[in-house]
Amino acid sequence: MADGVVVEPLLQLLEKADGGLDSLQVATGLRVDHQLVVGAVKSLQSLGEVISAEQRSSKRWELSCEGKEIAEQGSHEARVFNSVPPEGLAQSQLMNLPSGKVGFSKAMSNKWIRLDKNAEGGPRVYRVVESIEDLVQKKLLLAQQGQTDSLEEKDKNELKKRKLLNEVNVKSYWITKGSAFSTSVTKQETDLTPEMISSGSWHDKKFKPYNFEALGIIPDCGHLHPLMKVRTQFRQIFLEMGFTEMPTNNFIESSFWNFDALFQPQQHPARDQHDTFFLSDPACANHFPEDYLERVKRVHSEGGYGSQGYKYDWKIEEAAKNILRTHTTAVSARMLYRLAQQEEFTPVKYFSIDRVFRNETLDATHLAEFHQIEGVVADYGLTLGDLMGILHQFFTKLGITKLRFKPAYNPYTEPSMEVFSYHEGLQKWVEVGNSGVFRPEMLLPMGLPEGVSVIAWGLSLERPTMIKYGINNIRELVGHKVHLQMVYDSPVCRLDC
Ligand code: PHE
């Protein structure tokens, strides 16, 4: 029920009232929740001088749950007394009654009952008096009827100590008529609509002033976006497999690390404006490891390390161009270069899950940005068999066991394989990732020892998330059309079930 429903009855009560009204009284009179009356008071206050309201706080005695039960059924001691018949009752039997334990000692100290320890057949309880007066119940009944004033202070404290009565603070409003009091109020408009403008009706409307002090509703708690839930799971899988997370906190990357270091030629179509976002300010990066840059230049233009290279005129201007990284393999390249600078090579297992950007035409499954999941393993003598094995292990942890590999091409891996898995729901093989063994033209200029190979694979985070949460359009998952309710309602992600 909205507070609007209470506004009119409240004004009518106020019209007849002498002086003023207490909002608690109004709530009781109208048989509505006090909060509704408070809401009505607030909306009337916002209208100006219709009413005036002053906040008050008063103390009130309220029966606890147990107190209410006693008011209804009598005190425990009275219930114990009533269950003892004239011929007495075995103490053991009495103790089994619901009020037995608490009521027994109270009834004893009231001298309502006595205990014969030496009775035949075990201790027995007898009545001492003919009848009793259950004062506890009486007092609680008075309190329940709001007549706490007729109770003595020590009674109230005693009941409070027994947790039957609680003293609560209640906040209410003392409401009086304002200088512009009237029993009918015109509703103030909260929105200026296109219809009001076109019909001109806004001229005659009263608008509610903006309350710039109003705070938004504080949500009960935060909610993780489904992508973040799925990311947590992937991260968990990598960590279980002994991988370390790479620092991926730079969305802006130079073409050098994103492409050149990966032996991707400068005229490759992926480096085109149509596929990559270029930065205008700052347009260029200017710090590169000198020697390494020279080796990269040489391997592209002349070859080396047993390769013919691409035989073209490699230009630093092209490599220096700043872009939004198009894949997280740029981070892997930086990490592998860093690894190669160690005095002695140590095997590593790295992973990353972060955002990448591509100048894509947007459709139901593509956005200009998405997340990549990438795994990289570097060690002596790793083979394609190791890559297949680790992919099996990784995808099994995701609950995907049927895998197939298809030869593919990446400028930086040879051999390269697309990874397919059998989708039971769709009844067909779907692509789930891309993988390969990094080329010597990429690794040797970095300074990694000969004989070290690096296997790697990548997949998108969006695809498994959309499948997991049954989302068909990427715009329902990312962007301004996302329903927050979807975020609230999406359950925790378990990838293996
Ligand atoms: N970088 C590739 C992509 O963007 C994925 C990949 C990573 C492929 C590592 C091979 C090895 O699709």
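Just follow the structure's listing: the first ligand is 1, and inside any ligand the first atom is 1. Along the sequence shown, residues are numbered consecutively beginning with 1.
For ligand 1, the atoms closer than 4.0 angstrom to any heavy atom of Arg358 are 3 (C), 4 (O). If you number the atoms of ligand 1 from 1 as listed, the ones under 4.0 Å from a heavy atom of Glu374 come out as 7 (C). Listed by number with element, the atoms of ligand 1 under 4.0 angstrom from any heavy atom of Asn410 are 8 (C), 10 (C). Remark: ligand 1 atoms within the under-4.0 Å shell around heavy atoms of His327 are 1 (N), 4 (O).
Counting heavy atoms under 4.0 Å from ligand 1, residue Met417 does not touch it at all. Heavy atoms of Ser435 found under 4.0 angstrom from ligand 1 belong exclusively to the backbone.
Below 3.5 Å of separation, one finds an N or O of Thr329 facing an N or O of ligand 1. Annotation: Gln372 places an N or O atom under 3.5 Å from an N or O atom of ligand 1; distance criterion only. Between Tyr412 and ligand 1, at least one pair of N/O atoms sits closer than 3.5 Å.
Judged by distance alone, the side chains of Thr383 and Asp386 do bring a donor and an acceptor atom under 3.5 Å apart. Remark: the Thr328 side chain and the Asp354 side chain contain no N/O donor-acceptor pair separated by less than 3.5 Å.
Taking OG of Ser201 as the reference point, atom CE of Met196 lies at 6.0 Å (rounded to 0.5 Å).
Classification of the Phe394-Phe238 ring pair by plane angle, with boundaries at 30° and 60°, yields tilted. Note on ring orientation: taking the six-membered ring where Trp is involved, the planes of Trp429 and Tyr422 are perpendicular (angle over 60°, cut-offs 30° and 60°).
Of the protein's non-hydrogen atoms, the one nearest atom 9 (C) of ligand 1 is Ala456 CB, 3.6 Å. Here the protein heavy atom with the shortest distance to atom 6 (C) of ligand 1 is Gly458 N, 4.0 Å.
Every residue meeting the ring-ring contact (aromatic ring centres under 6.0 Å, His included) condition with His223, not counting sequence neighbours, appears here in chain and number order: Tyr488.
Considering only heavy atoms from C-beta on, Phe234 comes within 4.5 Å of Leu459 through its side chain.
Ring to ring, Tyr310 and Phe263 are close: their centroids are under 6.0 angstrom apart.
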